[in-house]
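Worksheet: the structure to be examined is printed underneath.
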Amino acid sequence: MHAAQKPERLVLGLLSGTSVDAAEAALCRIRGAGDSVKLTLVGHHSVPISRELRRSVREAARPEELCGLQIALAECFAQAGLGLLAKLNIPDDSLDLVGSHGQTVAHLPPPAPFPSSLQLGEANVLSQRLGAPVVFDFRAADLAVGGQGAPLVPYFDWAILRGAGETRAFQNLGGIGNVSVVGDRLEDVLAFDTGPGNMLLDALAERVTEGALPCDRDGQLSQRGSADPVVLESLLETPYLKRPPPKSTGRELFGPTLLERVWAALSSRPYDALATAVAFTVEATARAYESYIYPRVRPAAMYVSGGGSRHPGLMAGLRRRLAPLAVHPLDVLGFPEAAKEAACFALLANECIMGVPQNVPSATGARAAVVLGKIVP
Ligand SMILES: Nc1ncnc2c1ncn2[C@@H]1O[C@H](COP(=O)(O)OP(=O)(O)O)[C@@H](O)[C@H]1O
Ligand SMILES: [Mg+2]
């Protein structure tokens with residue numbers, strides 16, 4: 001039976017975020033679509049991306065390299081999916097549908113001269129390995145109607161995590177930071193990339209430990225230093241942070257350029273450099289709330305997901321800086337934070353085959369609501 005005709009679908013969501021740290025898989029049972037959609041998480045699984053592959057993704061420049069990565073990354077996503085099914089003892093041929101975000105290698109939203117966003121991970125490889133139709137390339141349709149092509153998670157936050165009669169702020173801290181502020185109505189969702197997340201912190205940790213640590217695990221490096229106020233203020237001058245939403249960003253703004261700036265100023269005090277990066281993420285996030293959210297709505301609480309929610313310094317900093325706003329890890333709502341973004345792409349795939357638009361024009365700035373995704377049947 002065609003997946004769209006079934007009352008309930010077993011849908012696999014796949015993704016690797018801007019950090020290029022791991023391929024994430026989430027398996028979901030999904031009923032219905034649109035307003036009344038119901039999603040239950042069956043399980044999730046994460047497969048680390050090797051240092052070599054991560055470096056290729058970050059440094060790929062020649063067309064030949066991108067061409068090969070299209071397949072290498074798809075094999076990695078397929079492994080994450082198959083690994084999850086094996087872990088759950090679910091036969092390989094049980095999937096009804098796959099939604100694959102892929103790995104972003106470039107994100108050039110408006111006002112770029114040719115607004116575009118490129119995700120790699122060949123959908124035909126995935127459909128062959130996973131034995132189910134694959135929905136992919138979720139950003140192109142929104143870009144085609146003038147949107148940023150991002151953020152896409154607000155649809156999930158609204159459809160699955162909204163609380164009746166209450167406004168919730170869902171803050172993700174991945175390579176970059178993003179927020180969705182969600183109440184009862186989809187049209188009122190406010191969402192944008194807040195700016196830095198872990199990207200600068202990861203790059204500094206790698207440099208300071210000469211590659212031994214890919215991130216400031218549990219805050220162990222940054223907690224030995226203190227933020228440098230002068231460097232912090234200069235980072236906060238980044239023009240992106242002063243632009244009102246809709247807006248989205250990626251490695252282009254918060255990656256290597258900032259690393260070299262911070263390192264030029266603080267290489268003699270490496271732990272202070274890391275502490276400055278923590279303070280930058282906390283302060284940029286807090287100012288985003290004060291400038292662009294509070295004038296419109298006061299959320300009842302903030303729910304944090306993404307790898308940054310496991311960083312004690314970031315969580316403590318947000319709590320201190322945004323008090324009296326309650327800052328919780330997302331898990332308090334009963335949804336594991338580590339599964340959220342992969343589960344989002346299972347949901348977006350479900351809506352695609354059901355013909356339900358899943359971009360959120362109030363978040364992306366698009367001129368119209370459109371159905372996102374292409375299908376390999
Ligand atoms: N225990 C931890 N302590 C500190 N940082 C962590 C921890 N676990 C994960 N992270 C951070 O989270 C990042 C990955 O988060 P993730 O949400 O997957 O981001 P992305 O969506 O960009 O891939 C890692 O690169 C790392 O910086
Ligand atoms: Mg990740």
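Only this structure's heavy atoms are used, side chains among them; waters, hydrogens and symmetry mates stay out. We count ligands from 1, going down the list as the structure has it; atoms in each ligand are counted the same way.
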Worksheet entry | Nearest-neighbour protein heavy atom for atom 3 (N) of ligand 1, which is reported as residue plus atom name and distance | Asp218 N, 2.8 Å
Discussion item. My understanding is that only one of Arg9, Arg31, Gln358 makes a side chain to side chain donor-acceptor pair (under 3.5 Å) with Asn350; could you say which?
Written reply: Arg9
Discussion item. Judged on heavy-atom distance to atom 24 (C) of ligand 1, which of Asn178, Asp202, Val278 sits nearest?
Written reply: Asp202
Worksheet entry | Distance from atom 20 (P) of ligand 1 to nearest protein heavy atom, with residue and atom | Ser19 OG, 3.4 Å
Discussion item. Please list the nearest protein heavy atom to atom 13 (C) of ligand 1 with its residue and the distance rounded to 0.1 Å.
Written reply: Asn198 ND2, 3.5 Å
Worksheet item: Hey, are Asn124 and Glu122 close enough side-chain-wise for a donor-acceptor pair under 3.5 Å?
Response: yes
Practice prompt. Compute the shortest N/O to N/O distance between Thr18 and ligand 1 and return yes if it is under 3.5 Å, no if not.
Written response: yes
Fill in: Reported CG-to-OG distance for the pair Asn198 and Ser19, which is rounded to 0.5 angstrom
5.5 Å
Discussion item. Please tell me whether Phe335 and Phe156 form a close aromatic pair, meaning their ring centres lie under 6.0 Å apart.
Written reply: yes
Worksheet entry | Which of the ligand 1 atoms, numbered from 1, are nearer than 4.0 Å to a heavy atom of Gly175 | 19 (O), 20 (P), 22 (O)
Worksheet item: Would you say the side-chain atoms of Ser248 and Asp193 include a donor-acceptor pair closer than 3.5 Å?
Response: no
Practice prompt. With the Mg ion (ligand 2) as the reference point, give the N/O/S atom of Asp21 that is nearest.
Written response: OD1
Practice prompt. Determine whether the side chain, the backbone, both or neither of Asp216 has a heavy atom under 4.0 Å from any heavy atom of ligand 1.
Written response: backbone
Fill in: Nitrogen or oxygen of Gly219 less than 3.5 angstrom from that of ligand 1
no
Worksheet item: How long is the span from the CD1 atom in Ile176 to the OG1 atom in Thr18, to the nearest 0.5 Å?
Response: 5.0 Å
Worksheet item: Do Tyr271 and Gln223 have side-chain atoms, one donor and one acceptor, less than 3.5 Å apart?
Response: no
Discussion item. Test your reading of the structure: does His311 have an N or O sitting under 3.5 Å from an N or O of ligand 1?
Written reply: no
Worksheet item: More than 12 non-hydrogen atoms from neighbouring residues, nucleotides or ligands closer than 6.0 Å to CZ on Arg51, yes or no?
Response: no
Practice prompt. May I ask you to identify the nearest protein heavy atom to atom 14 (C) of ligand 1, giving residue, atom name and distance to one decimal place in Å?
Written response: Asp21 OD2, 3.3 Å
Worksheet entry | Sidechain N-carboxylate O distance under 4.0 Å for Arg129, Glu75 | yes
Fill in: Protein contact of atom 17 (O) of ligand 1 - nearest heavy atom, named by residue and atom, plus distance
Gly307 N, 2.9 Å
Worksheet item: Just heavy atoms, cut-off under 4.0 Å: does Cys215 contact ligand 1 by side chain, backbone, both, or neither?
Response: side chain
Discussion item. Could you tell me, atom by atom, which parts of ligand 1 come under 4.0 Å of a heavy atom of Gly306?
Written reply: 17 (O)
Worksheet item: Tell me: protein heavy atom nearest atom 21 (O) of ligand 1, and distance?
Response: Gly17 CA, 3.4 Å
